[in-house]
Student: 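Before we start, here is the structure in question, set down as C-alpha coordinates.
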Protein chains: 2
Amino acid sequence: MSDNKTSQDTRERILDVAERLFMAHGYEGTSMRMITGDAEVNLAAVNYHFGSKEALLREVFRRRLAWLNHERLHELDALEAEAGGAPLKPSQVLEAFFGTLLRMGENEALGGMTFLRLLGRTLTEPADFIRTFFAGEYAEVIERYKLALFRALPDVPKAEIIWRFHFMLGAMSYAIAGTDILQVVTGCELGDLSGEKAGERNAAKQLAARVMPFLLGGLRAPLPQFEGDAYQQQEMPLPKTA
Amino acid sequence: MSDNKTSQDTRERILDVAERLFMAHGYEGTSMRMITGDAEVNLAAVNYHFGSKEALLREVFRRRLAWLNHERLHELDALEAEAGGAPLKPSQVLEAFFGTLLRMGENEALGGMTFLRLLGRTLTEPADFIRTFFAGEYAEVIERYKLALFRALPDVPKAEIIWRFHFMLGAMSYAIAGTDILQVVTGCELGDLSGEKAGERNAAKQLAARVMPFLLGGLRAPLPQFEGDAYQQQEMPLPKTA
DNA sequence: GTCTATATGTGGATAGAC
DNA sequence: GTCTATCCACATATAGAC
(Lines give C-alpha, C1' and ligand atoms only; values in the text may rest on other atoms or scores of the structure.)
Protein backbone atom coordinates (compact mmCIF):
# COMPACT_ATOMS: atom_id res chain seq x y z
CA MET A 1 0.00 0.00 0.00
CA SER A 2 2.99 2.30 0.32
CA ASP A 3 4.74 2.36 -3.06
CA ASN A 4 2.10 0.09 -4.56
CA LYS A 5 0.53 3.05 -6.22
CA THR A 6 3.10 3.34 -8.97
CA SER A 7 3.03 -0.38 -9.52
CA GLN A 8 -0.75 -0.47 -9.77
CA ASP A 9 -0.68 2.46 -12.15
CA THR A 10 1.83 0.68 -14.36
CA ARG A 11 -0.30 -2.46 -14.42
CA GLU A 12 -3.45 -0.56 -15.30
CA ARG A 13 -1.73 1.53 -17.92
CA ILE A 14 -0.38 -1.58 -19.60
CA LEU A 15 -3.83 -3.17 -19.56
CA ASP A 16 -5.48 -0.07 -21.00
CA VAL A 17 -2.96 0.26 -23.80
CA ALA A 18 -2.99 -3.46 -24.58
CA GLU A 19 -6.78 -3.38 -24.77
CA ARG A 20 -6.67 -0.61 -27.32
CA LEU A 21 -3.86 -2.06 -29.42
CA PHE A 22 -5.21 -5.62 -29.44
CA MET A 23 -8.48 -4.11 -30.64
CA ALA A 24 -6.83 -2.11 -33.39
CA HIS A 25 -4.28 -4.66 -34.66
CA GLY A 26 -5.26 -8.06 -33.33
CA TYR A 27 -3.25 -10.31 -31.04
CA GLU A 28 -0.56 -11.41 -33.47
CA GLY A 29 -0.41 -7.94 -34.99
CA THR A 30 0.41 -6.28 -31.69
CA SER A 31 3.95 -6.56 -30.34
CA MET A 32 5.17 -6.16 -26.79
CA ARG A 33 7.26 -3.24 -27.96
CA MET A 34 4.19 -1.45 -29.31
CA ILE A 35 2.42 -1.95 -25.99
CA THR A 36 5.24 -0.89 -23.69
CA GLY A 37 6.14 1.97 -25.99
CA ASP A 38 2.62 3.45 -25.97
CA ALA A 39 2.21 2.82 -22.26
CA GLU A 40 5.59 4.48 -21.63
CA VAL A 41 6.80 1.64 -19.47
CA ASN A 42 9.84 -0.54 -19.84
CA LEU A 43 9.81 -3.46 -22.24
CA ALA A 44 10.40 -5.88 -19.37
CA ALA A 45 7.39 -4.59 -17.44
CA VAL A 46 4.85 -6.80 -19.19
CA ASN A 47 6.70 -9.97 -18.36
CA TYR A 48 7.30 -8.79 -14.83
CA HIS A 49 3.65 -8.00 -14.15
CA PHE A 50 1.87 -10.60 -16.23
CA GLY A 51 4.41 -13.26 -17.11
CA SER A 52 3.87 -13.44 -20.87
CA LYS A 53 2.02 -11.90 -23.78
CA GLU A 54 -0.64 -14.62 -23.65
CA ALA A 55 -1.19 -14.02 -19.96
CA LEU A 56 -1.49 -10.31 -20.65
CA LEU A 57 -4.28 -10.89 -23.15
CA ARG A 58 -6.10 -13.12 -20.70
CA GLU A 59 -5.83 -10.47 -18.00
CA VAL A 60 -7.12 -7.78 -20.36
CA PHE A 61 -10.28 -9.84 -20.75
CA ARG A 62 -10.58 -11.15 -17.21
CA ARG A 63 -10.69 -7.60 -15.90
CA ARG A 64 -13.77 -6.82 -17.99
CA LEU A 65 -15.48 -10.19 -18.18
CA ALA A 66 -15.61 -10.47 -14.40
CA TRP A 67 -18.00 -7.52 -14.38
CA LEU A 68 -19.91 -8.61 -17.48
CA ASN A 69 -20.46 -12.17 -16.28
CA HIS A 70 -21.57 -11.05 -12.86
CA GLU A 71 -23.93 -8.45 -14.26
CA ARG A 72 -25.47 -10.84 -16.78
CA LEU A 73 -26.17 -13.44 -14.12
CA HIS A 74 -27.50 -10.80 -11.77
CA GLU A 75 -29.90 -9.40 -14.39
CA LEU A 76 -31.20 -12.86 -15.17
CA ASP A 77 -31.64 -13.67 -11.49
CA ALA A 78 -33.60 -10.46 -10.98
CA LEU A 79 -35.88 -11.11 -13.94
CA GLU A 80 -36.56 -14.69 -12.91
CA ALA A 81 -37.25 -13.69 -9.33
CA GLU A 82 -39.69 -11.08 -10.54
CA ALA A 83 -41.42 -13.59 -12.81
CA GLY A 84 -41.84 -15.93 -9.87
CA GLY A 85 -41.33 -19.21 -11.69
CA ALA A 86 -43.03 -18.23 -14.96
CA PRO A 87 -40.96 -18.31 -18.17
CA LEU A 88 -39.49 -14.99 -19.24
CA LYS A 89 -40.32 -13.32 -22.51
CA PRO A 90 -37.68 -13.72 -25.24
CA SER A 91 -37.26 -9.96 -25.35
CA GLN A 92 -36.45 -9.92 -21.65
CA VAL A 93 -33.75 -12.55 -22.05
CA LEU A 94 -32.18 -10.68 -24.95
CA GLU A 95 -32.37 -7.41 -23.11
CA ALA A 96 -30.56 -8.91 -20.13
CA PHE A 97 -27.88 -10.59 -22.24
CA PHE A 98 -27.16 -8.00 -24.92
CA GLY A 99 -28.39 -4.94 -23.07
CA THR A 100 -25.83 -5.57 -20.34
CA LEU A 101 -23.11 -5.83 -22.97
CA LEU A 102 -24.15 -2.64 -24.69
CA ARG A 103 -24.24 -0.78 -21.40
CA MET A 104 -20.54 -1.54 -21.05
CA GLY A 105 -20.07 0.39 -24.25
CA GLU A 106 -21.49 3.49 -22.64
CA ASN A 107 -19.22 3.30 -19.62
CA GLU A 108 -15.61 4.31 -20.13
CA ALA A 109 -14.67 2.89 -16.73
CA LEU A 110 -15.65 -0.54 -18.04
CA GLY A 111 -13.70 -0.22 -21.26
CA GLY A 112 -16.36 1.49 -23.37
CA MET A 113 -16.62 0.79 -27.06
CA THR A 114 -12.92 -0.09 -27.17
CA PHE A 115 -13.50 -3.21 -25.13
CA LEU A 116 -16.69 -4.07 -27.00
CA ARG A 117 -14.87 -3.93 -30.32
CA LEU A 118 -12.00 -5.96 -28.92
CA LEU A 119 -14.43 -8.58 -27.66
CA GLY A 120 -16.22 -8.83 -30.99
CA ARG A 121 -13.02 -9.21 -32.92
CA THR A 122 -11.28 -11.57 -30.57
CA LEU A 123 -14.07 -14.13 -30.75
CA THR A 124 -12.88 -14.93 -34.27
CA GLU A 125 -9.17 -15.10 -33.41
CA PRO A 126 -8.09 -18.59 -34.36
CA ALA A 127 -5.35 -19.04 -31.73
CA ASP A 128 -6.04 -22.07 -29.59
CA PHE A 129 -5.26 -20.50 -26.24
CA ILE A 130 -7.74 -17.71 -26.95
CA ARG A 131 -10.56 -20.08 -27.84
CA THR A 132 -9.88 -22.21 -24.79
CA PHE A 133 -9.86 -19.16 -22.57
CA PHE A 134 -13.18 -17.86 -23.85
CA ALA A 135 -14.84 -21.23 -23.55
CA GLY A 136 -13.97 -21.27 -19.86
CA GLU A 137 -14.93 -17.67 -19.20
CA TYR A 138 -18.29 -17.88 -20.96
CA ALA A 139 -19.47 -21.37 -20.02
CA GLU A 140 -21.55 -20.61 -16.95
CA VAL A 141 -23.33 -17.56 -18.32
CA ILE A 142 -24.12 -19.14 -21.67
CA GLU A 143 -25.55 -22.20 -19.95
CA ARG A 144 -27.87 -20.10 -17.81
CA TYR A 145 -29.12 -18.03 -20.75
CA LYS A 146 -29.55 -21.08 -22.92
CA LEU A 147 -31.89 -22.57 -20.35
CA ALA A 148 -33.75 -19.28 -20.05
CA LEU A 149 -34.27 -19.23 -23.81
CA PHE A 150 -35.47 -22.84 -23.80
CA ARG A 151 -38.12 -21.88 -21.26
CA ALA A 152 -39.00 -18.68 -23.08
CA LEU A 153 -39.57 -20.52 -26.35
CA PRO A 154 -41.07 -23.86 -25.35
CA ASP A 155 -42.38 -24.61 -28.86
CA VAL A 156 -39.06 -24.12 -30.61
CA PRO A 157 -36.73 -27.14 -30.81
CA LYS A 158 -33.71 -26.70 -28.54
CA ALA A 159 -31.27 -27.21 -31.42
CA GLU A 160 -32.90 -24.36 -33.29
CA ILE A 161 -32.62 -22.08 -30.28
CA ILE A 162 -28.91 -22.83 -29.98
CA TRP A 163 -28.37 -22.09 -33.64
CA ARG A 164 -30.18 -18.82 -33.33
CA PHE A 165 -28.22 -17.97 -30.23
CA HIS A 166 -25.11 -18.36 -32.41
CA PHE A 167 -26.56 -16.17 -35.11
CA MET A 168 -27.41 -13.49 -32.59
CA LEU A 169 -23.91 -13.57 -31.12
CA GLY A 170 -22.54 -13.20 -34.62
CA ALA A 171 -24.76 -10.33 -35.62
CA MET A 172 -23.98 -8.51 -32.40
CA SER A 173 -20.25 -9.13 -32.58
CA TYR A 174 -20.03 -7.86 -36.12
CA ALA A 175 -22.23 -4.91 -35.41
CA ILE A 176 -19.91 -3.94 -32.58
CA ALA A 177 -16.55 -4.86 -34.07
CA GLY A 178 -17.54 -3.47 -37.41
CA THR A 179 -18.53 0.06 -36.58
CA ASP A 180 -15.56 0.80 -38.81
CA ILE A 181 -15.15 -2.50 -40.68
CA LEU A 182 -18.43 -3.20 -42.34
CA GLN A 183 -19.16 0.28 -43.49
CA VAL A 184 -16.04 -0.08 -45.59
CA VAL A 185 -17.54 -3.19 -47.12
CA THR A 186 -20.91 -1.60 -47.72
CA GLY A 187 -19.42 1.75 -48.66
CA CYS A 188 -21.82 3.68 -46.48
CA GLU A 189 -21.66 5.99 -43.53
CA LEU A 190 -23.79 4.91 -40.64
CA GLY A 191 -24.96 8.13 -39.10
CA ASP A 192 -23.47 9.19 -35.80
CA LEU A 193 -22.14 5.82 -34.82
CA SER A 194 -18.96 5.97 -36.80
CA GLY A 195 -17.95 9.53 -36.03
CA GLU A 196 -16.76 10.93 -32.74
CA LYS A 197 -19.20 13.79 -32.73
CA ALA A 198 -21.85 12.08 -30.69
CA GLY A 199 -19.46 10.27 -28.39
CA GLU A 200 -19.20 6.68 -27.33
CA ARG A 201 -22.26 6.67 -25.14
CA ASN A 202 -24.49 7.60 -28.01
CA ALA A 203 -22.83 4.99 -30.23
CA ALA A 204 -23.83 2.19 -27.90
CA LYS A 205 -27.37 3.54 -27.54
CA GLN A 206 -27.83 3.90 -31.29
CA LEU A 207 -26.54 0.41 -31.84
CA ALA A 208 -28.84 -1.03 -29.19
CA ALA A 209 -31.91 0.60 -30.71
CA ARG A 210 -31.01 -0.85 -34.09
CA VAL A 211 -29.83 -4.31 -33.26
CA MET A 212 -32.30 -5.44 -30.63
CA PRO A 213 -35.36 -5.51 -32.94
CA PHE A 214 -33.29 -7.35 -35.52
CA LEU A 215 -32.21 -10.01 -33.05
CA LEU A 216 -35.71 -10.48 -31.71
CA GLY A 217 -37.08 -10.78 -35.23
CA GLY A 218 -34.53 -13.45 -36.07
CA LEU A 219 -35.02 -15.35 -32.85
CA ARG A 220 -38.77 -15.54 -33.37
CA ALA A 221 -38.71 -16.22 -37.09
CA PRO A 222 -40.82 -19.10 -38.48
CA LEU A 223 -39.08 -22.46 -38.22
CA PRO A 224 -37.27 -23.78 -41.28
CA GLN A 225 -38.90 -26.55 -43.25
CA PHE A 226 -37.03 -29.82 -43.55
CA GLU A 227 -37.81 -32.70 -45.82
CA GLY A 228 -38.80 -35.84 -43.97
CA ASP A 229 -37.56 -36.27 -40.45
CA ALA A 230 -34.36 -34.30 -40.86
CA TYR A 231 -35.46 -32.21 -37.93
CA GLN A 232 -35.63 -35.16 -35.58
CA GLN A 233 -32.00 -35.96 -36.19
CA GLN A 234 -31.05 -32.47 -35.09
CA GLU A 235 -33.19 -32.53 -31.97
CA MET A 236 -31.81 -32.38 -28.47
CA PRO A 237 -28.12 -31.62 -28.66
CA LEU A 238 -26.29 -32.65 -25.52
CA PRO A 239 -24.46 -29.88 -23.73
CA LYS A 240 -20.80 -30.71 -23.20
CA THR A 241 -20.91 -28.99 -19.85
CA ALA A 242 -22.96 -31.14 -17.52
CA MET B 1 1.76 -25.03 -72.39
CA SER B 2 4.79 -27.32 -72.54
CA ASP B 3 6.36 -27.30 -69.09
CA ASN B 4 3.72 -24.95 -67.74
CA LYS B 5 1.99 -27.86 -66.12
CA THR B 6 4.40 -28.17 -63.22
CA SER B 7 4.42 -24.44 -62.69
CA GLN B 8 0.65 -24.20 -62.66
CA ASP B 9 0.48 -27.12 -60.26
CA THR B 10 2.90 -25.40 -57.91
CA ARG B 11 0.88 -22.19 -57.99
CA GLU B 12 -2.39 -23.97 -57.31
CA ARG B 13 -0.90 -26.11 -54.58
CA ILE B 14 0.43 -23.02 -52.82
CA LEU B 15 -2.96 -21.31 -53.11
CA ASP B 16 -4.80 -24.35 -51.76
CA VAL B 17 -2.48 -24.75 -48.79
CA ALA B 18 -2.43 -21.03 -48.05
CA GLU B 19 -6.24 -20.97 -48.08
CA ARG B 20 -6.37 -23.75 -45.52
CA LEU B 21 -3.65 -22.36 -43.25
CA PHE B 22 -4.87 -18.76 -43.33
CA MET B 23 -8.27 -20.14 -42.35
CA ALA B 24 -6.85 -22.18 -39.49
CA HIS B 25 -4.31 -19.72 -38.06
CA GLY B 26 -5.10 -16.28 -39.46
CA TYR B 27 -2.88 -14.14 -41.64
CA GLU B 28 -0.30 -13.10 -39.04
CA GLY B 29 -0.36 -16.55 -37.50
CA THR B 30 0.61 -18.28 -40.74
CA SER B 31 4.25 -18.15 -41.87
CA MET B 32 5.65 -18.64 -45.32
CA ARG B 33 7.54 -21.64 -43.98
CA MET B 34 4.31 -23.30 -42.86
CA ILE B 35 2.81 -22.75 -46.29
CA THR B 36 5.74 -23.89 -48.41
CA GLY B 37 6.40 -26.77 -46.04
CA ASP B 38 2.84 -28.13 -46.27
CA ALA B 39 2.69 -27.52 -50.01
CA GLU B 40 6.04 -29.29 -50.41
CA VAL B 41 7.50 -26.49 -52.48
CA ASN B 42 10.59 -24.41 -51.93
CA LEU B 43 10.51 -21.49 -49.53
CA ALA B 44 11.33 -19.11 -52.36
CA ALA B 45 8.42 -20.30 -54.49
CA VAL B 46 5.85 -18.00 -52.94
CA ASN B 47 7.85 -14.89 -53.67
CA TYR B 48 8.63 -16.11 -57.15
CA HIS B 49 5.01 -16.80 -58.06
CA PHE B 50 3.18 -14.13 -56.09
CA GLY B 51 5.74 -11.53 -55.06
CA SER B 52 4.97 -11.32 -51.34
CA LYS B 53 2.89 -12.76 -48.55
CA GLU B 54 0.35 -9.95 -48.86
CA ALA B 55 0.00 -10.55 -52.57
CA LEU B 56 -0.47 -14.25 -51.88
CA LEU B 57 -3.38 -13.55 -49.57
CA ARG B 58 -4.97 -11.28 -52.14
CA GLU B 59 -4.62 -13.95 -54.80
CA VAL B 60 -6.14 -16.58 -52.52
CA PHE B 61 -9.25 -14.40 -52.35
CA ARG B 62 -9.28 -13.12 -55.90
CA ARG B 63 -9.42 -16.66 -57.20
CA ARG B 64 -12.66 -17.35 -55.30
CA LEU B 65 -14.26 -13.91 -55.24
CA ALA B 66 -14.13 -13.65 -59.00
CA TRP B 67 -16.60 -16.51 -59.17
CA LEU B 68 -18.67 -15.34 -56.21
CA ASN B 69 -19.04 -11.77 -57.45
CA HIS B 70 -19.94 -12.87 -60.93
CA GLU B 71 -22.48 -15.38 -59.68
CA ARG B 72 -24.10 -12.94 -57.28
CA LEU B 73 -24.54 -10.34 -59.98
CA HIS B 74 -25.80 -12.95 -62.41
CA GLU B 75 -28.41 -14.25 -59.95
CA LEU B 76 -29.66 -10.75 -59.27
CA ASP B 77 -29.82 -9.96 -62.98
CA ALA B 78 -31.84 -13.10 -63.60
CA LEU B 79 -34.31 -12.37 -60.80
CA GLU B 80 -34.79 -8.78 -61.87
CA ALA B 81 -35.27 -9.78 -65.49
CA GLU B 82 -37.86 -12.31 -64.43
CA ALA B 83 -39.67 -9.73 -62.30
CA GLY B 84 -39.81 -7.39 -65.26
CA GLY B 85 -39.33 -4.12 -63.39
CA ALA B 86 -41.29 -5.03 -60.28
CA PRO B 87 -39.44 -5.02 -56.94
CA LEU B 88 -38.12 -8.38 -55.77
CA LYS B 89 -39.23 -10.02 -52.55
CA PRO B 90 -36.76 -9.68 -49.66
CA SER B 91 -36.46 -13.45 -49.53
CA GLN B 92 -35.39 -13.51 -53.16
CA VAL B 93 -32.66 -10.97 -52.57
CA LEU B 94 -31.35 -12.87 -49.57
CA GLU B 95 -31.51 -16.14 -51.42
CA ALA B 96 -29.46 -14.70 -54.27
CA PHE B 97 -26.89 -13.10 -51.99
CA PHE B 98 -26.43 -15.69 -49.26
CA GLY B 99 -27.60 -18.72 -51.18
CA THR B 100 -24.86 -18.18 -53.75
CA LEU B 101 -22.32 -18.00 -50.94
CA LEU B 102 -23.56 -21.15 -49.28
CA ARG B 103 -23.49 -23.01 -52.55
CA MET B 104 -19.75 -22.37 -52.67
CA GLY B 105 -19.54 -24.30 -49.44
CA GLU B 106 -20.97 -27.37 -51.12
CA ASN B 107 -18.51 -27.26 -53.99
CA GLU B 108 -14.97 -28.37 -53.26
CA ALA B 109 -13.77 -27.00 -56.59
CA LEU B 110 -14.73 -23.54 -55.33
CA GLY B 111 -13.00 -23.91 -52.01
CA GLY B 112 -15.84 -25.53 -50.08
CA MET B 113 -16.31 -24.79 -46.42
CA THR B 114 -12.61 -24.04 -46.06
CA PHE B 115 -12.95 -20.91 -48.14
CA LEU B 116 -16.22 -19.94 -46.50
CA ARG B 117 -14.64 -20.12 -43.05
CA LEU B 118 -11.62 -18.19 -44.27
CA LEU B 119 -13.86 -15.50 -45.71
CA GLY B 120 -15.87 -15.17 -42.50
CA ARG B 121 -12.78 -14.87 -40.36
CA THR B 122 -10.83 -12.59 -42.62
CA LEU B 123 -13.56 -9.95 -42.63
CA THR B 124 -12.57 -9.18 -39.04
CA GLU B 125 -8.81 -9.12 -39.64
CA PRO B 126 -7.70 -5.64 -38.64
CA ALA B 127 -4.77 -5.33 -41.08
CA ASP B 128 -5.22 -2.28 -43.28
CA PHE B 129 -4.26 -3.87 -46.56
CA ILE B 130 -6.87 -6.59 -46.01
CA ARG B 131 -9.66 -4.13 -45.30
CA THR B 132 -8.72 -2.03 -48.31
CA PHE B 133 -8.64 -5.08 -50.50
CA PHE B 134 -12.09 -6.28 -49.43
CA ALA B 135 -13.62 -2.86 -49.83
CA GLY B 136 -12.52 -2.85 -53.45
CA GLU B 137 -13.54 -6.41 -54.18
CA TYR B 138 -17.00 -6.08 -52.65
CA ALA B 139 -18.03 -2.58 -53.65
CA GLU B 140 -19.92 -3.28 -56.86
CA VAL B 141 -21.87 -6.27 -55.61
CA ILE B 142 -22.84 -4.66 -52.30
CA GLU B 143 -24.06 -1.57 -54.12
CA ARG B 144 -26.31 -3.61 -56.40
CA TYR B 145 -27.81 -5.63 -53.55
CA LYS B 146 -28.29 -2.55 -51.41
CA LEU B 147 -30.41 -1.02 -54.15
CA ALA B 148 -32.35 -4.24 -54.58
CA LEU B 149 -33.13 -4.27 -50.85
CA PHE B 150 -34.21 -0.62 -50.95
CA ARG B 151 -36.71 -1.52 -53.66
CA ALA B 152 -37.80 -4.71 -51.91
CA LEU B 153 -38.54 -2.83 -48.67
CA PRO B 154 -39.89 0.56 -49.76
CA ASP B 155 -41.43 1.32 -46.35
CA VAL B 156 -38.25 0.76 -44.37
CA PRO B 157 -35.86 3.71 -44.02
CA LYS B 158 -32.70 3.21 -46.06
CA ALA B 159 -30.46 3.65 -43.04
CA GLU B 160 -32.29 0.86 -41.27
CA ILE B 161 -31.85 -1.45 -44.26
CA ILE B 162 -28.12 -0.82 -44.32
CA TRP B 163 -27.86 -1.53 -40.62
CA ARG B 164 -29.72 -4.78 -41.08
CA PHE B 165 -27.57 -5.69 -44.03
CA HIS B 166 -24.62 -5.38 -41.66
CA PHE B 167 -26.31 -7.52 -39.05
CA MET B 168 -27.06 -10.18 -41.64
CA LEU B 169 -23.47 -10.20 -42.87
CA GLY B 170 -22.34 -10.59 -39.29
CA ALA B 171 -24.70 -13.40 -38.44
CA MET B 172 -23.74 -15.25 -41.60
CA SER B 173 -20.02 -14.73 -41.18
CA TYR B 174 -20.08 -15.97 -37.62
CA ALA B 175 -22.29 -18.88 -38.48
CA ILE B 176 -19.82 -19.93 -41.13
CA ALA B 177 -16.56 -19.08 -39.42
CA GLY B 178 -17.80 -20.48 -36.17
CA THR B 179 -18.84 -23.96 -37.12
CA ASP B 180 -16.10 -24.79 -34.67
CA ILE B 181 -15.74 -21.51 -32.76
CA LEU B 182 -19.12 -20.74 -31.34
CA GLN B 183 -19.97 -24.20 -30.23
CA VAL B 184 -17.01 -23.88 -27.93
CA VAL B 185 -18.55 -20.75 -26.51
CA THR B 186 -21.99 -22.26 -26.11
CA GLY B 187 -20.62 -25.62 -25.04
CA CYS B 188 -22.91 -27.52 -27.37
CA GLU B 189 -22.60 -29.84 -30.29
CA LEU B 190 -24.50 -28.72 -33.34
CA GLY B 191 -25.64 -31.89 -34.99
CA ASP B 192 -23.95 -32.97 -38.17
CA LEU B 193 -22.46 -29.64 -39.02
CA SER B 194 -19.45 -29.87 -36.78
CA GLY B 195 -18.47 -33.45 -37.49
CA GLU B 196 -17.07 -34.88 -40.67
CA LYS B 197 -19.58 -37.69 -40.85
CA ALA B 198 -22.04 -35.94 -43.11
CA GLY B 199 -19.47 -34.18 -45.23
CA GLU B 200 -19.03 -30.59 -46.27
CA ARG B 201 -21.93 -30.49 -48.68
CA ASN B 202 -24.39 -31.36 -45.97
CA ALA B 203 -22.83 -28.80 -43.64
CA ALA B 204 -23.59 -25.97 -46.03
CA LYS B 205 -27.12 -27.22 -46.64
CA GLN B 206 -27.84 -27.55 -42.93
CA LEU B 207 -26.51 -24.09 -42.31
CA ALA B 208 -28.58 -22.61 -45.12
CA ALA B 209 -31.79 -24.15 -43.80
CA ARG B 210 -31.09 -22.72 -40.36
CA VAL B 211 -29.75 -19.31 -41.12
CA MET B 212 -32.00 -18.10 -43.92
CA PRO B 213 -35.21 -17.94 -41.84
CA PHE B 214 -33.29 -16.15 -39.11
CA LEU B 215 -31.96 -13.53 -41.50
CA LEU B 216 -35.33 -12.96 -43.08
CA GLY B 217 -36.96 -12.63 -39.66
CA GLY B 218 -34.40 -10.03 -38.64
CA LEU B 219 -34.62 -8.12 -41.88
CA ARG B 220 -38.39 -7.83 -41.63
CA ALA B 221 -38.56 -7.13 -37.90
CA PRO B 222 -40.67 -4.20 -36.68
CA LEU B 223 -38.85 -0.90 -36.78
CA PRO B 224 -37.21 0.37 -33.59
CA GLN B 225 -38.90 3.16 -31.69
CA PHE B 226 -36.95 6.35 -31.19
CA GLU B 227 -37.79 9.18 -28.88
CA GLY B 228 -38.59 12.39 -30.70
CA ASP B 229 -37.11 12.85 -34.13
CA ALA B 230 -33.98 10.79 -33.55
CA TYR B 231 -34.94 8.77 -36.55
CA GLN B 232 -34.94 11.73 -38.87
CA GLN B 233 -31.33 12.46 -38.03
CA GLN B 234 -30.39 8.98 -39.11
CA GLU B 235 -32.34 9.07 -42.35
CA MET B 236 -30.79 8.86 -45.80
CA PRO B 237 -27.14 7.98 -45.41
CA LEU B 238 -25.12 8.98 -48.42
CA PRO B 239 -23.27 6.16 -50.13
CA LYS B 240 -19.56 6.91 -50.47
CA THR B 241 -19.53 5.22 -53.83
CA ALA B 242 -21.37 7.44 -56.26
C1' DG C 1 11.41 -22.70 -62.20
C1' DT C 2 13.71 -24.47 -58.48
C1' DC C 3 17.00 -24.57 -55.04
C1' DT C 4 20.60 -23.10 -51.31
C1' DA C 5 22.33 -19.72 -48.67
C1' DT C 6 21.88 -15.65 -46.61
C1' DA C 7 20.63 -10.76 -45.68
C1' DT C 8 18.08 -8.12 -42.58
C1' DG C 9 14.61 -7.25 -39.44
C1' DT C 10 11.59 -8.29 -35.57
C1' DG C 11 9.42 -11.19 -32.34
C1' DG C 12 9.06 -12.70 -27.04
C1' DA C 13 11.61 -13.44 -23.16
C1' DT C 14 15.25 -12.94 -19.51
C1' DA C 15 19.62 -12.03 -16.63
C1' DG C 16 21.50 -9.02 -13.73
C1' DA C 17 22.68 -4.11 -12.37
C1' DC C 18 20.45 -0.50 -9.91
C1' DG D 1 9.93 -2.41 -9.61
C1' DT D 2 12.53 -0.64 -13.16
C1' DC D 3 16.00 -0.54 -16.55
C1' DT D 4 19.73 -2.00 -20.02
C1' DA D 5 21.59 -5.20 -22.75
C1' DT D 6 21.22 -9.27 -24.91
C1' DC D 7 19.83 -14.09 -26.24
C1' DC D 8 17.81 -16.68 -29.65
C1' DA D 9 14.12 -18.23 -32.50
C1' DC D 10 11.79 -17.01 -36.41
C1' DA D 11 9.93 -13.76 -39.78
C1' DT D 12 9.99 -12.08 -44.94
C1' DA D 13 12.57 -11.46 -48.73
C1' DT D 14 16.29 -11.93 -52.15
C1' DA D 15 20.77 -13.05 -54.74
C1' DG D 16 22.78 -16.17 -57.43
C1' DA D 17 24.02 -21.17 -58.69
C1' DC D 18 21.89 -24.83 -61.18
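Keep in mind it's a predicted model, so treat the numbers as computed, not measured. The chains referred to below are lettered A, B, ... by the order of the sequence lines, with proteins before strands, and numbering in each begins at 1.
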Student: Is the centre of the A/F97 ring less than 6.0 Å from the centre of the A/F165 ring?
Tutor: yes

Student: In whole angstroms, how far is the P atom of C/dT2 from the CZ atom of B/R13?
Tutor: 9 Å

Student: Just the rounded figure in Å: distance from P of D/dC3 to CZ of A/R33.
Tutor: 15 Å

Student: Looking only at the side chain of B/S31 (C-beta and beyond, no hydrogens), which of the listed nucleotides D/dT2, D/dA11, C/dG12 gets closest?
Tutor: D/dA11

Student: With a 4.0 Å cutoff (strictly under), does any side-chain N or O of A/T10 reach OP1 or OP2 of D/dT2?
Tutor: yes

Student: Salt bridge (Lys or Arg N to Asp or Glu O under 4.0 Å) for A/E59 and A/R64? Distances and angles first, verdict last.
Tutor: CA-CA 9 Å; A/E59 191 54 34; A/R64 308 294 187 197; over 6 Å; no

Student: Which residues in residues 40-56 of chain A have at least one heavy atom lying under 4.0 Å from any atom of DNA chain D?
Tutor: A/N42, A/A44, A/Y48, A/H49

Student: Using atom CE of B/M32 as one end and atom P of C/dC3 as the other, report the distance to the nearest whole Å.
Tutor: 15 Å

Student: Take the protein atom CG of A/D9 and the nucleotide atom C1' of D/dT2, then report the distance between them rounded to whole Å.
Tutor: 15 Å

Student: Answer with base, sugar-phosphate or nothing: what part of the nucleic acid does B/T30 contact at a heavy-atom distance below 4.0 Å?
Tutor: sugar-phosphate

Student: For B/M113 versus B/A204, what's the shortest heavy-atom pair and its separation?
Tutor: SD-CB, 4.1 Å

Student: Nearest-Å distance, CG (A/L57) to P (C/dG12)?
Tutor: 12 Å

Student: Look at the rings of B/F167 and B/W163 and say which category their plane angle falls in: under 30° parallel, 30 to 60° tilted, over 60° perpendicular.
Tutor: tilted

Student: Flag the pair B/F129 / B/F134 as yes when their ring centroid distance falls below 6.0 Å, and as no otherwise.
Tutor: no

Student: Tell me if the CD atom of B/E108 is crowded by more than 12 foreign heavy atoms within 6.0 Å.
Tutor: yes

